[in-house]
Structure formats: C-alpha cells, structure tokens
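One structure below.
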Protein chains: 2
Amino acid sequence: MSLPHVLLGMLAEPASGYDLKQRFEQSVRYFWYAELSQIYPALAKLEKQGLLRSKQAPSDKGPSKKIYTRTGKGKRALQEWLSDGPVLRTERLAYLTQLFFLDEIPNARRIEFMQELRDDFAQRLEELKLIERNWASEDARFPDNLPDGELVKHMTLRSGLMKYAMMVEWCEECLGRLESRQESTGHRNSRNRKVS
Amino acid sequence: MSLPHVLLGMLAEPASGYDLKQRFEQSVRYFWYAELSQIYPALAKLEKQGLLRSKQAPSDKGPSKKIYTRTGKGKRALQEWLSDGPVLRTERLAYLTQLFFLDEIPNARRIEFMQELRDDFAQRLEELKLIERNWASEDARFPDNLPDGELVKHMTLRSGLMKYAMMVEWCEECLGRLESRQESTGHRNSRNRKVS
DNA sequence: CGGCTCATGTAACACGTTACATGATTCC
DNA sequence: GGAATCATGTAACGTGTTACATGAGCCG
C-alpha cells in the first residue's frame with residue numbers, strides 16, 4: 001500500500017535502487033524500512049506502470065547503475081496519495097503487544113525487558129539529537145526560515161525527538177513501578193543503564 | 001513473526017477465533033490489528049504445531065464455536081518470545097513518510113493533512129481517557145495496587161495516553177508553522193477543529 | 001420471509017523477509 | 001589473490017488484505 005509511494009517520494013531526485021536503500025537508511029529509517037530485495041521489484045513494477053523511467057549510467061565505483069527518474073504521471077500519483085489524507089491506524093507495535101502480556105514472565109525479566117526498551121529509545125533519541133545539532137550548525141535558516149521541503153523534514157524530525165524523549169520518561173516510570181514490586185519480594189535490582 | 005504470539009497471549013483465557021477478534025478490537029487495537037481471515041488460519045496452524053488445542057462448544061447465539069485452549073507448549077512459546085526481549089525497529093508509520101514528502105502538495109493541502117492527523121490523535125486520546133476513567137471508577141486498586149496482569153495493561157494504556165497527548169501538541173505546533181506561511185501569501189485559514 | 005449478527009472458513013493477491021546467485025571494482 | 005563494497009536481481013516462504021462462500025439462529 002505504501003512502499004511504491006515512498007519510492008516516488010524519494011525519487012524527487014533520480015537515483016538507483018542501491019542509492020535509494022542508502023537514502024532509506026539515512027532519512028526515513030525511524031519510521032520506514034525496506035530491503036533491497038523489496039525495492040528492486042517495486043521499482044521495476046513502477047516503471048512498467050509508467051510512473052518511473054530508467055536509464056543505465058556508469059558508477060563511480062563498481063558496476064553500472066540503473067538510474068530511475070520520476071515521470072509526470074509518477075509525480076501526480078504521489079500527490080494523489082498525499083492529498084487523500086494521512087494513512088492512519090495501520091501501525092503495528094510489536095513491543096507494546098509484548099508488554100501487554102508481560103505478566104506471563106517473572107518480574108525480574110519484566111524489568112530487563114523495560115530496560116532494553118528504554119536503552120533503545122534513549123539511543124534513538126541521541127541519534128536524532130545529533131542530526132538536529134549538525135543541521136543547526138550547517139544551515140543558518142534553521143529552524144525558522146527553512147524552505148518548504150526542509151520544513152516538513154524538520155517537522156518529522158521533531159516528532160521523533162519528542163516521541164523518544166517521552167518514551168524514555170515513560171520507561172523510567174514503568175521501571176519504577178516494576179522495581180517497587182521486586183523490592184517487596186526481597187530482591188534488589190540495579191537501575192543502571194546497560195552499555196551496548 | 002508476531003500474530004501467532006499475540007494470539008497465544010490473548011488465549012490466557014480460552015476463546016474462539018470470533019471471540020479473539022472482539023478482544024483485539026477492545027484491547028490491543030491501538031497497536032495491533034488483525035482480520036478474521038488472518039486469525040482463523042493462524043489458529044489452525046498453531047493447533048497443528050501443538051501450541052493450542054480446540055473443542056467444539058455450543059454458542060449463546062448462532063452456530064457452534066471452536067474454542068481454543070493454550071497448551072503448556074503454547075505457554076512456553078509465548079514466554080520465550082517475551083524473554084527474547086522487545087521486538088524493535090519494525091515500525092512502519094505511513095503518515096510520517098507522507099509528512100516527509102508533504103512539500104509536494106500546496107500549503108493549503110498540507111494544513112488540511114495536519115488537521116486530519118490532529119483530529120485523529122485527539123479522538124484516540126479521548127477514547128483512551130474514557131477507558132482510564134471507567135477503569136478508575138470500577139476498580140479500587142487502580143492505579144497503584146493493581147495485580148501484575150493489570151499493571152502491565154495499565155502501563156500499555158499510559159503509553160498511549162502520553163503518546164497521543166504529545167502528538168496532538170506536536171500537530172498544533174506544526175499547524176502554527178504551516179499557517180504562518182499561509183498568511184504571508186495572503187490567504188487566511190481557520191484553525192477550527194473539524195467535527196467528524 | 002428478509003435482514004442482522006454470529007460463526008467459520010477459502011482464494012487470490014499484495015507486501016515483506018531471508019537466503020541465495022552473480023559479477024564488477026577497489027583496497028590491502 | 002582475497003576481502004570488502006558496489007550493484008542488481010531471483011526464489012521460497014511467511015504475513016496481511018480484500019473478496020467471496022456458507023450457513024445457523026434471532027428479531028421484526
């Protein structure tokens with residue numbers, strides 16, 4: 001339902017499948033993920049539908065690339081997807097369903113689970129903070145005078161910063177509740193952050 | 001990777017496929033969704049693997065049901081999934097990828113998009129607040145003296161309450177930034193909440 | 001009797017993951 | 001020459017969605 005549209009969005013600038021995979025990793029990896037083996041056939045299909053055009057081009061390093069360009073029809077398909085409004089309530093958050101059933105394992109394990117969650121969110125938060133710091137130092141227009149294309153990217157980044165900061169706090173709150181039960185059964189559990 | 005485990009979790013109490021669908025809608029719909037046509041074959045497969053057992057039972061209304069019960073092996077499989085730690089970085093948030101490319105449509109449309117987002121998050125927040133209010137009024141142990149099974153459910157609920165409250169705020173912030181651009185091009189746009 | 005909810009499924013298709021296959025170029 | 005990276009794909013399998021099929025029991 002969405003990968004083809006994400007590819008159309010990423011192809012505002014022409015790129016090969018391999019390039020697109022890198023772009024995924026650098027930009028949208030916090031809310032979208034795709035394998036190369038998924039990207040290649042998706043691009044081929046979009047070309048067959050006339051939403052993309054491709055040409056062979058030599059590479060700086062390695063074998064020649066197949067560079068895809070968005071057609072007018074491709075751009076309109078993307079705009080239509082965006083104009084249809086947000087795609088909502090399709091999220092699947094496996095870690096929350098796990099938490100929902102976490103009473104099926106012993107409390108000490110529950111605490112380990114929440115620590116792992118907290119550490120991962122904290123790490124993502126640091127990664128995003130770094131991106132924001134670099135951006136701020138490299139672009140004088142940051143954050144209030146950005147052009148439209150950068151503004152929406154910054155809004156996306158802000159949502160990640162706010163979300164992960166909140167999730168870390170929430171994990172701490174949960175750990176407090178779990179640990180108070182641990183203590184009452186005679187055990188004691190360090191609250192130290194795991195190093196990864 | 002996960003639906004079978006979610007079903008095992010939901011089957012702490014025996015139920016039919018149809019019952020489970022109802023349970024999905026009442027409890028985990030905010031972070032997991034499944035169609036009946038996905039649930040039935042998944043249950044059959046779990047039974048074939050010996051993680052569930054089934055028996056026919058009459059229904060209050062309508063035809064007879066196939067009631068599934070978790071086996072010891074099924075419970076261990078669930079505990080193993082939970083003990084392996086949180087399943088992370090598998091999220092796919094379509095609305096954030098849309099936002100990321102939102103500069104491809106006119107600013108007026110961008111504002112409509114964010115209003116729709118905000119309204120949906122606000123609605124989810126109200127739904128969760130209602131659940132919390134009802135719970136608080138029906139259970140004297142709420143929220144600090146809940147048994148383990150309810151504690152993890154409450155932690156899950158809290159994450160939703162905190163998340164959607166934050167997302168509504170974030171949407172308002174984004175709308176402010178988008179509308180300030182709208183005004184500077186001579187248009188004016190009401191900030192009123194849409195009624196659904 | 002007709003329409004609703006209850007109840008269980010199948011079929012066709014789309015989407016996503018893991019493993020495998022192939023070969024060019026670059027760096028050590 | 002061997003390992004790493006660049007580059008494009010296919011195959012098999014698992015997961016998820018939409019549409020369709022079937023029939024029991026209940027309410028008006």
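In what follows, chains are A, B, ... by sequence order, proteins preceding strands, each numbered from 1.
Judged by distance alone, with hydrogens and angles left aside, A:Ser59 brings no side-chain donor or acceptor close enough to the base of C:dT25 to form a pair under 3.5 Å.
A 4.5 Å side-chain heavy-atom check between B:Leu52 and B:Thr69 finds every atom pair outside the cut-off. No side-chain heavy atom of A:Tyr68 sits less than 4.5 Å from a side-chain heavy atom of A:Leu20. Contact check for B:Glu126 versus B:Gln123: no side-chain heavy atoms found under the 4.5 Å cut-off.
Residues B:Tyr33 and A:Glu91 have side chains that never bring a donor and an acceptor to within less than 3.5 angstrom of each other.
B:Gln56 CD: more than 12 foreign heavy atoms inside a 6.0 Å radius.
In plain terms, the two heavy atoms of B:Thr71 and B:Gly50 that are nearest each other are OG1-O, 2.8 Å.
Taking atom NZ on A:Lys65 and atom C1' on C:dA24, their separation rounds to 14 Å, with Å as the unit.
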Check nucleotides 14-16 of chain C for protein N or O atoms closer than 3.5 Å to its own N or O atoms and list the pairs.
from	atom 1	to	atom 2	distance (Å)
C:dC15	OP1	A:Met1	N	2.7
C:dG16	OP2	A:Gln38	NE2	2.5
C:dG16	O5'	A:Gln38	NE2	3.1

Could you run down the sub-3.5 Å N/O contacts of the protein with nucleotides 26-28 of chain C?
none

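Note that the two end axes of the helix from C:dC1-D:dG28 to C:dC28-D:dG1 enclose an angle of 10°, each drawn from 5 base pairs, rounded to 10 degrees.
Running 5' to 3' along DNA chain D, contacts with non-hydrogen atoms of chain A at under 4.0 Å begin and end at D:dC6 to D:dT17.
B:Glu132 pairs by the salt bridge (charged side-chain N to carboxylate O under 4.0 Å, His left out) definition with nothing, not counting sequence neighbours. By the side chain to side chain contact (heavy atoms under 4.5 Å, CB included) test, A:Gln38 is found to be paired with A:Leu3, A:Ala34, A:Glu35, B:Arg92, residues two or more places apart in sequence or in another chain being considered. Considering only residues two or more places apart in sequence or on other chains, B:Ser2 meets the side-chain hydrogen bond (donor to acceptor under 3.5 Å, both in side chains) condition with none of them.
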Side-chain atoms of residues 76-86 of chain B: list all donor-acceptor pairs with protein atoms under 3.5 Å, sequence neighbours left out, distances to 0.1 Å.
from	atom 1	to	atom 2	distance (Å)
B:Gln79	NE2	A:Glu104	O	2.9
B:Ser83	OG	B:Gln79	O	2.9

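In this structure, the ring of B:Tyr95 has its center less than 6.0 angstrom from the ring center of B:Phe121. You'll find the ring centres of B:Phe142 and B:His154 inside the 6.0 Å limit.
Both B:Ser64 and A:Ala34 sit near DNA chain C, but only B:Ser64 has its closest nucleotide nearer the 5' end.
Within residues 11-19 of chain A, the residues approached by DNA chain D to less than 4.0 Å at the level of any non-hydrogen atom are A:Ser16, A:Gly17, A:Tyr18, in residue-number order.
Pairs of residues two or more places apart, or lying in two chains, never qualify as salt bridge (Lys or Arg N to Asp or Glu O under 4.0 Å) while including a residue from residues 43-53 of chain A. For residues 134-161 of chain A, the set of pairs meeting the salt bridge (Lys or Arg N to Asp or Glu O under 4.0 Å) definition, not counting sequence neighbours, comprises A:Asp139-A:Arg141, A:Asp148-B:Arg110, A:Asp148-B:Arg181, A:Lys153-B:Asp103, A:Arg158-B:Glu173.
With a 4.5 Å cut-off between side-chain heavy atoms of Ile, Leu, Val, Met, Phe, Trp and Tyr, the cluster of B:Tyr18 takes in B:Leu36, B:Tyr40.
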